[in-house]
Amino acid sequence: MTTRIVIADDQDDVRIGFRLILDSQPDMTVVGEAADGTKAVELARHLKPDVVLADIRMPGLDGLEVTRQLAPQTRVIVVTTFDLDDYVHTALRNGAAGFLLKRSGPTLLIEAIRAAMAGDTLISPQVTVRLLRHLRAPDGQAPPPPDPLTDREREIAVLVAHGRTNADIATELFISPGTVKTHLANIQRKVGAANRVGIAAWAWSSGAAR
């Protein structure tokens, strides 16, 4: 099934770049573009896309308000240059299905859309690391009970907690991306995480990540 996408960004070159990336995927198609938030909401309500990619700072309605008006009926992934905690918290509180930094690259953009379609939420690794560091176990605290992970799974969980993408992990550990995905699925099941953000949260809170 093809995922139908609307791109909302006030920069022409960003919309063109996103369209080239997404239209090259066999399971995705861009059905509309908007240069401001008001038009994005109108397009979404008319075209009923599966996913809207919304920049935060746009004329008219900003991406956070676009998210508030469209979610959860439409999956909205916020894609922005501005790495501010207030934006992340507001976007997620308004029902965003993902939060990406534009510098995260095309692979993560595609992953975020597929995650949203699967009912998951993907957040840029750089943002995830910063938000979750406060969960680290305090110095001197008794270690948690032994975790259920293998050494390799724990290694991968720690890399996720430090913001590595699947491709980064595959390169660093000299394994295939498919093997990384298999390990991540096993880790999620064992620690009860819904997604890679949950894996990172577990790694920081358990003290595995330092």
Side-chain angles (χ1 to χ4, degrees), residues 3-10 14 18 22 28 34 36-38 40-41 43-45 48-136 157 159-166 184-185 187-188 191-206 209:
T3 300
R4 303 169 70 253
I5 303 162
V6 164
I7 301 170
D9 196 293
D10 60 347
V14 171
F18 282 177
L22 301 177
M28 298 180 188
D36 64 78
T38 304
V41 171
L43 273 179
R45 288 176 174 163
K48 301 190 183 306
D50 300 299
V51 174
V52 172
L53 301 179
D55 187 21
I56 285 187
R57 297 189 181 179
M58 294 185 289
L61 304 176
D62 65 19
L64 300 175
E65 179 62 20
V66 169
T67 303
R68 190 189 69 78
Q69 292 197 24
L70 294 180
Q73 289 78 13
T74 302
R75 302 169 185 86
V76 181
I77 298 173
V78 174
V79 188
T80 181
T81 305
F82 303 100
D83 183 8
L84 301 175
D85 288 353
D86 284 349
Y87 285 163
V88 182
H89 294 153
T90 302
L92 297 178
R93 188 167 57 246
N94 286 356
F99 190 100
L100 297 182
L101 301 180
K102 289 180 180 177
R103 65 177 182 269
S104 296
T107 300
L108 208 63
L109 178 65
I110 293 165
E111 282 187 20
I113 292 171
R114 291 187 176 137
M117 292 300 294
D120 207 344
T121 301
L122 194 151
I123 304 173
S124 277
Q126 304 96 316
V127 176
T128 302
V129 170
R130 191 179 67 251
L131 292 178
L132 295 178
R133 279 188 190 278
H134 73 281
L135 294 175
R136 92 170 64 217
L159 290 173
V160 169
H162 284 283
R164 304 295 199 278
T165 66
N166 287 6
L184 289 175
I187 295 166
Q188 284 180 219
V191 304
N195 50 38
R196 69 190 300 119
V197 177
I199 291 173
W202 173 86
W204 285 110
S205 63
S206 70

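Keep in mind the model is a prediction, meaning the values are calculated, not measured.
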Spacing of CG belonging to Leu43 relative to CG belonging to Leu70, to within rounding of 0.5 Å: 10.5 Å
Give, for atom CG of Asp9 and atom CG of Asp36, the distance between the pair rounded to the nearest 0.5 Å. 11.0 Å
Rounded to the nearest 0.5 Å, how far apart are CD1 of Ile199 and CG of Leu184? 5.0 Å
Between the CD1 atom in Ile123 and the CD1 atom in Ile77, the distance rounded to the nearest 0.5 Å is 11.5 Å
Between Trp202 and Ala157, the two heavy atoms sitting closest are CZ3-CB, 4.1 Å
Scanning both residues in full, the closest heavy-atom pair of Ala44 with Pro49 reads O-CD, 3.3 Å
Give me the atom names and distance for the closest heavy-atom approach of Ile5 to Met28. CD1-CB, 4.0 Å
Contact check, side chains of His162 and Trp204, non-hydrogen atoms, under 4.5 Å: yes
Taken to the nearest 0.5 Å, the spacing of Leu92 CG from Thr67 OG1 works out to 9.5 Å
Would you indicate whether the side-chain heavy atoms of Ser124 and Leu100 approach each other to under 4.5 Å? yes
Mind jotting down which residue pairs meet the side-chain hydrogen bond (donor to acceptor under 3.5 Å, both in side chains) criterion with at least one end in residues 70-81? Sequence neighbours excluded, please. none
Closest heavy-atom pair, Val78 versus Ala91, reported as atoms and distance to 0.1 Å, is CG2-CB, 3.9 Å
Taking distance alone, no hydrogens or angles, what donor-acceptor pairs closer than 3.5 Å link side-chain atoms of residues 111-119 to residues at least two apart or in another chain?
from, atom 1, to, atom 2, distance (Å)
Arg114, NE, Asp27, OD2, 3.0
Arg114, NH2, Gln25, OE1, 3.2
Arg114, NH2, Asp27, OD1, 2.9
Arg114, NH2, Asp27, OD2, 3.4

Solution key, residues 52-65 side-chain donor-acceptor pairs under 3.5 Å, sequence neighbours excluded:
from, atom 1, to, atom 2, distance (Å)
Arg57, NE, Tyr87, OH, 3.2
Arg57, NH2, Tyr87, OH, 3.2
Asp62, OD1, Leu64, N, 3.1
Asp62, OD1, Glu65, N, 2.8
Glu65, OE1, Arg68, NE, 3.0
Glu65, OE2, Arg68, NE, 3.1
Glu65, OE2, Arg68, NH2, 2.6
Glu65, OE2, Gln69, NE2, 3.1

The side chain to side chain donor-acceptor pair (under 3.5 Å) partners of Thr3 (sequence neighbours excluded) come to none
With a 4.5 Å heavy-atom cut-off, do Val79 and Phe18 have their side chains touching? yes
